[in-house]
**Student:** 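Have a look at this one.
This is a predicted model, so every value here is computed, not measured. Residue numbering restarts at 1 for every chain, and letters A, B, ... go by the order of the sequence lines. We use all heavy atoms of the structure for the numbers below, so side chains are in, but hydrogens, waters and symmetry mates are not.
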Amino acid sequence: MGASEGQKRVLLQGNEAIVQGALAAGCRFFAGYPITPASEISEVLSVRLPQVGGTFIQMEDEIASMGAIIGASLAGVKSMTATSGPGFSLIQENLGYACIAEVPCVVVNVMRGGPSTGLPTSVAQGDVQMARWGTHGDHPIIVLSVSSVSECFSVTIKAFNLSEKFRVPVIILSDEVVAHTRESVILPQQSEIQVFDRITPSVPPEWYKPYADNNRGVPDMSAVGDGYRHHVTGLVHDERGFPTQQPKEVEQFLNRLHSKITKGFNEIVVTKSFEMEDAEICVIAYGSVARSAMRAVRDARAQGIKAGMVQLVTLFPFPRKVVDSALRQCKTVVVPEMNMGQISREIHRVNQAGTRIIKHNRIDGHLITPNEILKYLLKV
Amino acid sequence: MLEPAEIIRQEYLRHDKKFPHVWCPGCGNGIVMNALLRAIHHLELPKDNVVLASGIGCSGRLPTYVDFNTIHTTHGRALTFATGVKLARPQLSVIAVMGDGDATAIGGNHFIHAARRNLNLTAIIINNNTYGMTGGQYSPTTPYGSKSTTSVYGHVEHAFNIAELAVVAGASFVARGTVYHTTHLRTMIEQAIVKRGFSVVEVISNCHVQHGRRNKLGNAVQMINSFKENAVQVNKAEKMSAEEMRGKFTIGVLCDVEKPVSTEEYDRVRLAAQAEANRIAEEKAKNGVKRYEE
Ligand SMILES: Cc1ncc(C[n+]2csc(CCOP(=O)(O)OP(=O)(O)O)c2C)c(N)n1
Ligand code: SF4
Ligand SMILES: [Mg+2]
């Protein structure tokens with residue numbers, strides 16, 4: 001495909017495409033701590049952010065990085081951090097703060113093999129459930145995944161937009177293969193890109209209630225320093241932002257926190273279907289494995305097998321509607337993952353029709369190949 | 001010249017906040033709050049331009065009660081949030097309020113790095129020698145031999161000297177005050193806020209409920225009076241022997257140095273980066289480069 005007028009064809013690495021996406025989405029603050037395979041995001045942003053008037057800072061650890069991006073976001077600047085497994089463990093504390101205080105921010109986790117220092121720095125998908133449940137307490141969160149360099153660009157923009165719209169941290173799960181693969185991609189012009197900025201209060205400061213409900217379920221957000229002095233806390237708070245333990249206020253607040261995501265489900269959930277129209281067997285995959293799956297489906301089709309694929313871009317909230325219809329349509333669903341089955345367990349929970357679900361799990365630090373998936377497709 | 005208490009109360013306390021506060025009667029935290037408000041009032045800082053970030057602890061509740069931009073962060077992390085706010089909006093006066101445990105145990109790494117980094121921030125550390133909020137366990141400043149709920153046989157570890165730690169970590173301005181010397185404390189806080197660079201005020205304070213009671217240090221008044229007995233002005237201390245200083249501590253300015261402030265240094269980085277970006281763009285235009293590499 002050729003680039004049309006004004007578009008740019010570029011050769012980019014996944015990590016670089018995340019940087020391009022972040023800048024296009026309006027990210028102007030990044031705090032991070034070096035870790036392979038995420039470091040290029042820091043390095044490139046340390047060059048690019050000051051060029052566009054933004055700020056890059058390398059903090060003393062990932063706990064601090066997460067704190068700094070929340071601070072910058074509270075001051076009205078779109079912010080991001082990027083890390084890998086060990087650092088992803090450290091960001092969890094303040095990630096919960098971003099959830100409860102409803103501070104938009106984006107966290108990239110370029111997955112590598114774990115647990116602990118694990119397999120530096122071979123590919124894995126072991127942090128999927130952690131991305132959903134890593135910080136303590138019931139909390140709403142959005143988790144997106146990327147399978148190609150061009151998705152690194154587009155999904156990062158989506159992540160910022162959702163984060164700003166729903167005032168929730170958004171996690172992008174990348175992996176070592178996507179991060180370090182170089183592909184030629186066509187970047188749209190800035191004018192073609194839809195960018196959503198958080199909605200700021202339109203009432204005068206005296207009337208502003210920083211955590212008041214509205215028809216969107218997402219309170220208007222003022223920036224520190226804009227004249228809307230108010231209190232922000234990690235304690236459960238009332239609509240004025242002050243700590244409360246009144247059961248009624250607690251319940252109202254926590255319900256709104258969760259329901260804003262439920263209400264936005266259709267907008268948040270993105271999946272891609274490939275050859276699904278007449279599929280009798282399908283693969284459900286995400287991340288770099290989705291690329292192998294697509295190839296496997298093509299090869300199966302070439303041999304006359306009605307195979308298809310559903311790629312999950314949004315992992316949480318879990319795309320249960322699309323998965324449910326795939327499960328109803330197909331007799332067998334193959335779920336290849338570079339973990340012990342962190343998404344297949346979600347698929348099992350949706351599986352009402354008793355469809356056969358085949359897990360394929362690989363945790364040796366190597367990418368699942370098309371042939372590994374094809375074997376299952378040919379067997380049926 | 002103190003402003004009447006009434007002005008402070010009306011102008012700076014949050015009247016839409018459900019009082020009363022969480023502090024025990026006689027707690028030093030209220031005195032620190034008062035000194036901070038008077039310092040801000042005296043400096044005539046617009047309330048919209050003041051940001052208070054705190055951690056978790058009795059001390060961490062301070063911002064809740066005062067009418068600024070207030071951020072009650074996670075335990076030990078106030079300086080990390082403050083760093084983000086300051087870099088995003090350098091024109092704001094950003095002040096972090098922390099406890100001794102908050103700033104030097106769980107937040108110790110952030111504290112020394114903030115001092116080294118030298119952003120234009122102010123840190124006020126209320127040192128009551130204990131984890132007040134969680135019930136009086138030993139903290140990094142609990143004196144050797146003291147009793148706490150986790151050292152009932154006497155504490156076997158040694159205490160940090162917070163102000164000296166800040167000095168060696170690279171802070172531009174470091175002072176120590178107490179909740180007895182309230183006017184002095186106010187002036188120390190004023191100097192810290194005005195100082196360009198990372199400034200620290202360690203405030204010796206009383207937790208008579210958790211620390212004092214277990215160590216027979218008396219009630220709030222007795223503890224606060226003991227600060228009067230044991231505090232020695234920095235210049236006076238210089239002329240005293242180690243023997244004379246035993247059981248005493250210094251108050252006043254421990255360090256006041258000029259060095260580049262990283263908030264402002266980063267402006268230079270931006271200029272250099274923009275010049276480089278312009279140069280690359282011009283080169284591309286001149287050579288008619290069709291290939292993009294970014
Ligand atoms: C990560 C984490 N660990 C432990 C706690 C429990 N906790 C709350 S306050 C506190 C200690 C506070 O001591 P200090 O910072 O000295 O403040 P003070 O209450 O004495 O003012 C602790 C350990 C917490 N909130 N978060
Ligand atoms: S427990 Fe100690 S530090 Fe906390 S409010 Fe009471 S006296 Fe103050
Ligand atoms: Mg304490």
**Student:** Taking side chain as everything from C-beta outward and backbone as N, CA, C, O, which of these in B:Lys47 sits under 4.5 Å from a heavy atom of chain A? Side chain, backbone, both or neither.
**Tutor:** both
**Student:** Any side-chain heavy-atom pair from A:Val224 and B:Arg89 closer than 4.5 angstrom?
**Tutor:** no
**Student:** Mind checking which of residues 66-73 of chain A sit less than 4.5 Å from chain B, heavy atom to heavy atom?
**Tutor:** A:Gly67, A:Ala68, A:Ile70, A:Gly71, A:Ala72
**Student:** Output the distance between atom OH (B:Tyr65) and atom NE2 (A:His231), rounded to the nearest 0.5 Å.
**Tutor:** 8.5 Å
**Student:** Check step by step if side-chain contact (heavy atoms from CB on, under 4.5 Å) holds for A:Gln58 and B:Arg117.
**Tutor:** CA-CA 10 Å; A:Gln58 185 170 304; B:Arg117 191 171 283 134; over 6 Å; no
**Student:** Using every non-hydrogen atom in the two residues, find where B:Ala277 and A:Gln51 come nearest and quote the distance to one decimal.
**Tutor:** CB-CD, 3.7 Å
**Student:** Set out, in order, the CA-CA distance, both residues' side-chain angles and the distance that settles side-chain hydrogen bond (donor to acceptor under 3.5 Å, both in side chains) for B:Thr70 and A:Arg229, then state yes or no.
**Tutor:** CA-CA 8 Å; B:Thr70 55; A:Arg229 295 186 306 276; over 6 Å; no
**Student:** Quick one: which of A:Leu74, A:Asp61, A:Asn94, A:Val77 has the most heavy-atom pairs under 4.5 Å with chain B, could you say?
**Tutor:** A:Asn94
**Student:** Check B:Ile71 against A:Tyr97 and note the closest heavy-atom contact, atom names and distance.
**Tutor:** CG2-OH, 3.6 Å
**Student:** Heavy atoms only, distances under 4.5 angstrom: which of A:Leu49, A:Asp226, A:Val19, A:Val47 has the most pairs with chain B? Name it, please.
**Tutor:** A:Asp226
**Student:** Sort by residue number and list every residue of residues 73-83 of chain B having at least one heavy atom under 4.5 Å from chain A.
**Tutor:** B:Thr73, B:Thr74, B:His75, B:Arg77, B:Thr80, B:Phe81, B:Thr83
**Student:** For A:Pro50 and B:Val269, which heavy atoms make the closest approach, and how far apart are they?
**Tutor:** CB-CG1, 4.0 Å
**Student:** Looking at B:His113, B:Arg116, B:His110, which hits side chain to side chain donor-acceptor pair (under 3.5 Å) with A:Glu60?
**Tutor:** B:His110
**Student:** Could you pull out the closest heavy-atom pair between A:Gly53 and B:Gln274, with the gap in Å?
**Tutor:** N-NE2, 3.7 Å
**Student:** Which region of A:Ala64, side chain (C-beta onward) or backbone (N, CA, C, O), has a non-hydrogen atom less than 4.5 Å from a non-hydrogen atom of chain B, or is it both or neither?
**Tutor:** both
**Student:** Of the listed residues (A:Ile63, A:Val232, A:Ile57), which shares the most heavy-atom pairs with chain B below a 4.5 Å separation?
**Tutor:** A:Val232
**Student:** Could you have a look at B:Ala273, B:Ala275, B:Ala53, B:Ala88 and say which one has the most heavy-atom pairs with chain A under 4.5 angstrom?
**Tutor:** B:Ala273
**Student:** Heavy-atom pairs under 4.5 Å with chain A - which of B:Asn49, B:Val94, B:Thr64, B:Leu92 has more of them than the others?
**Tutor:** B:Thr64
**Student:** Can you tell me how far the CG atom of B:Asp48 sits from the OH atom of A:Tyr228, to the nearest 0.5 Å?
**Tutor:** 10.5 Å
**Student:** Please determine whether the number of non-hydrogen atoms from other residues, nucleotides or ligands lying under 6.0 Å from atom CD of A:Glu206 exceeds 12.
**Tutor:** yes
**Student:** So which of B:Leu271, B:Val66, B:Asp67, B:Ile112 has the largest heavy-atom pair count under 4.5 angstrom toward chain A?
**Tutor:** B:Asp67
**Student:** For atom OH of A:Tyr33, is the number of surrounding heavy atoms from other residues, nucleotides or ligands below 6.0 Å larger than 12?
**Tutor:** no
**Student:** Please round to the nearest 0.5 Å and tell me the distance separating atom CG of B:Asn69 and atom OG of A:Ser222.
**Tutor:** 8.0 Å
